[in-house]
Amino acid sequence: MFNWMRNRRMFVLMIVFILFVAVMGFSIGDRKKLTWPENFALDTSGFFQQWLYRPAGYVSNLIHDLSHMREVYKENEQLRIAAAAYARDSIKYNGMEDKLKKLQDDLHFTERQRQLDNYKYLIAQVIAVSTDPYDETIRINLGSKDGIKPNMAVVTNKGLVGLITRVDPFFSSVMPITKLNVNSADTKLIAATVLGKEEESFGIVDNYDTETGKLSMSKISEHDPLKKGDTVISSGKGNVFPRGMVIGTVDSSQVGDFGLTYTATITPAADFDHLREVFVVQTPDTGDTAP
Amino acid sequence: MSMQRIIIVMLLFFLSEGTIFYWLIPGDLVGRIIPHFTLAFVLFAALYRGRHASLLLGLSFGLLQDLAFYGRIIGVHSFSMGLVGYMTGLLLERKRSTLLMALSMIGLSTLVYDTVVYFIYKVFRLTDLTYEYSLYQHIIPSLFLQLLFALALYIPARRWFEGSLKPKTEEEEV
């Protein structure tokens, strides 16, 4: 009876603490399917958030555009030049595609090999962003009903933004690549290579330094031709991740931790702030995914 | 104001955290100023309503935040918000507190909350930032925002949380 209240409070606190540790431990890492309460909460909040995020983004961009009127003219000019270049390139591309198809026919490519580069870009609207510094999450309005699966690549026109981590029926969460961390328990690794030297160059993008704002690519061989200013792209080895997604440009390259391999620092190509539209890259279903 | 209305207001603020407020802050401050609007309400509840109301609000709104932005782990915000709300309530429940007292308590509790969240992420090895760095990088800047928000909401929030309690206490006195 002496300090019964205090003891009971301690007891309840301990039980709640254990319960929470169990929930946290359970929720870390890859989970293929979420339970229905999670789906319900994710979908409901997503539904309401999308009505706030888009108008807010629209108004903010409008104000930004009004105050940068002069730059908009300049930007338009650049876009016109880009469009002209695009028209010229598309003629060239059509010719090359025909040729490629003919060559593939001549070489008897299988259906799987043919479909390997046929990526689908699904446009998604951003509906909310969590700015939690340890768990930045971008929510987009495509979900498992649209064929989104965990670990798909998310890109903008500038480059790779992140990976899909959680999928619920109508929305999904994207982990930006600024959350890659080689020491963390649930990290992802991206096999990368250099644009133009795809055969000779190989490394793994596995870490982002918050303090310098640079990605690092490790496990590069010493004979690698990689040098400053090269564009790093995803290599697509392993068939999970699409090939040719721009990750960033090489800043510098130095001997790695153990002196056997090299590590390069990379400036990310994509902007992570105030996104409105992103693309989810859907790799062709080659039929070899485990059920 | 009844509890249902307060919850609706809190939900609106919760929804604005990741959407409207995100657009209000300039690009280079994203990730440095983190809104804790729901936490401010939880702390007001602790100061002017009671520790149990605060505990429940903290647990549920923390869980909502965990679920709505589920990226890596569930339960961190729920646990820390509930804990901080309850502790604040335990210390200062329904004491006559001045504006300065309330503000400093909210500031302190926000600091404790951010610290608890940091150490949970650290324990599960989901972050390798040092505590000093995250203190400088986002905890202190978001503390200022939290204080401003609490100052702006002090009078209405106090009225809402105390107001709906008044009829009850009068009945008890009678």
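Lettering follows sequence order; numbering is per chain, from 1.
- Looking at Leu11(B), there are no atoms closer than 4.5 Å to chain A (heavy atoms on both sides), in backbone or side chain.
- In this structure, Leu29(B) CG and Leu145(B) CG are separated by 10.5 Å, a value rounded to the nearest 0.5 Å.
- In this structure, the portion of Ser134(B) lying under 4.5 Å from any heavy atom of chain A is its side chain and not its backbone.
- Listed by first then second residue, pairs satisfying salt bridge (Lys or Arg N to Asp or Glu O under 4.0 Å) with a partner in residues 156-167 of chain A read Lys158(A)-Asp271(A), not counting sequence neighbours.
- Ranking Gly25(A), Ala56(A), Ser27(A) against chain B, the residue ahead of the rest is Ser27(A), based on heavy-atom pairs under 4.5 Å.
- Contact of Leu90(B) with chain A is made through the side chain alone, with heavy-atom distances under 4.5 Å.
- Aromatic ring centroids of Phe13(B) and Phe21(B) lie 6.0 Å or more apart.
- Between Trp23(B) and Tyr53(A), some side-chain heavy-atom pair lies under the 4.5 Å cut-off.
- Your options are Leu59(B), Ile20(B), Leu129(B), and the one with the most heavy-atom pairs under 4.5 Å with chain A is Ile20(B).
- Taking the six-membered ring for Trp, Phe61(B) and Phe41(B) have ring centres at least 6.0 Å apart.
- The candidate with the highest count of non-hydrogen atom pairs below 4.5 Å against chain B, out of Ser60(A), Pro37(A), Gly46(A), is Ser60(A).
- Contact of the Asn207(A) side chain with the Asn181(A) side chain is registered, since non-hydrogen atoms from C-beta on lie closer than 4.5 Å.
- Contacts of Ile127(A) with chain B are made by backbone atoms alone, with heavy-atom separations under 4.5 Å and no side-chain atom involved.
- Heavy atoms of Asn61(A) lying under 4.5 Å from chain B belong exclusively to its side chain.
- Residue Phe44(B) comes nearest to Ala150(B) through the heavy atom pair CZ-O, 3.6 Å, listed as atom of the first residue, atom of the second, then distance.
- When the shell of 6.0 Å around OH of Tyr131(B) is examined, it contains more than 12 heavy atoms from other residues, nucleotides or ligands.
- In this structure, the portion of Leu83(B) lying under 4.5 Å from any heavy atom of chain A is its side chain and not its backbone.
- Proximity to chain A (any heavy atom under 4.5 Å) is shown, for Leu24(B), by neither the backbone nor the side chain.
- No cation-pi contact links Arg139(A) to Tyr70(B), judged by a cut-off of 6.0 Å to the six-membered ring centre and 45° from its axis.
- Listed options Ser45(A), Ser130(A), Pro55(A) were ranked by heavy-atom pairs under 4.5 angstrom with chain B; first place goes to Ser130(A).
- Residue Tyr121(B) touches chain A through its side chain alone, counting heavy-atom pairs closer than 4.5 Å.
- Considering only heavy-atom pairs separated by less than 4.5 Å from chain B, the leading option among Phe272(A), Tyr134(A), Phe26(A) is Tyr134(A).
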What donor-acceptor contacts under 3.5 angstrom involve side-chain atoms of residues 12-23 of chain A, with partners at least two apart or in another chain?
none

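- Residue contact with chain A, scored on non-hydrogen atoms closer than 4.5 Å, involves the backbone and the side chain of Tyr118(B) alike.
- For chain B, the nearby part of Ser173(A) is the side chain; its heavy atoms alone come within less than 4.5 Å.
- Using a 4.5 Å cut-off between heavy atoms, Leu64(B) does not touch chain A at all.
- By the neighbour-count criterion of 12 heavy atoms within 6.0 Å, atom CD1 of Ile155(B) is sparsely surrounded, having that number or fewer from other residues, nucleotides or ligands.
- No other option in Thr210(A), Thr165(A), Val129(A) has as many heavy-atom pairs under 4.5 Å with chain B as Val129(A).
- The candidate from Glu38(A), Met175(A), Glu211(A), Lys179(A) with the greatest count of non-hydrogen atom pairs under 4.5 Å with chain B is Glu211(A).
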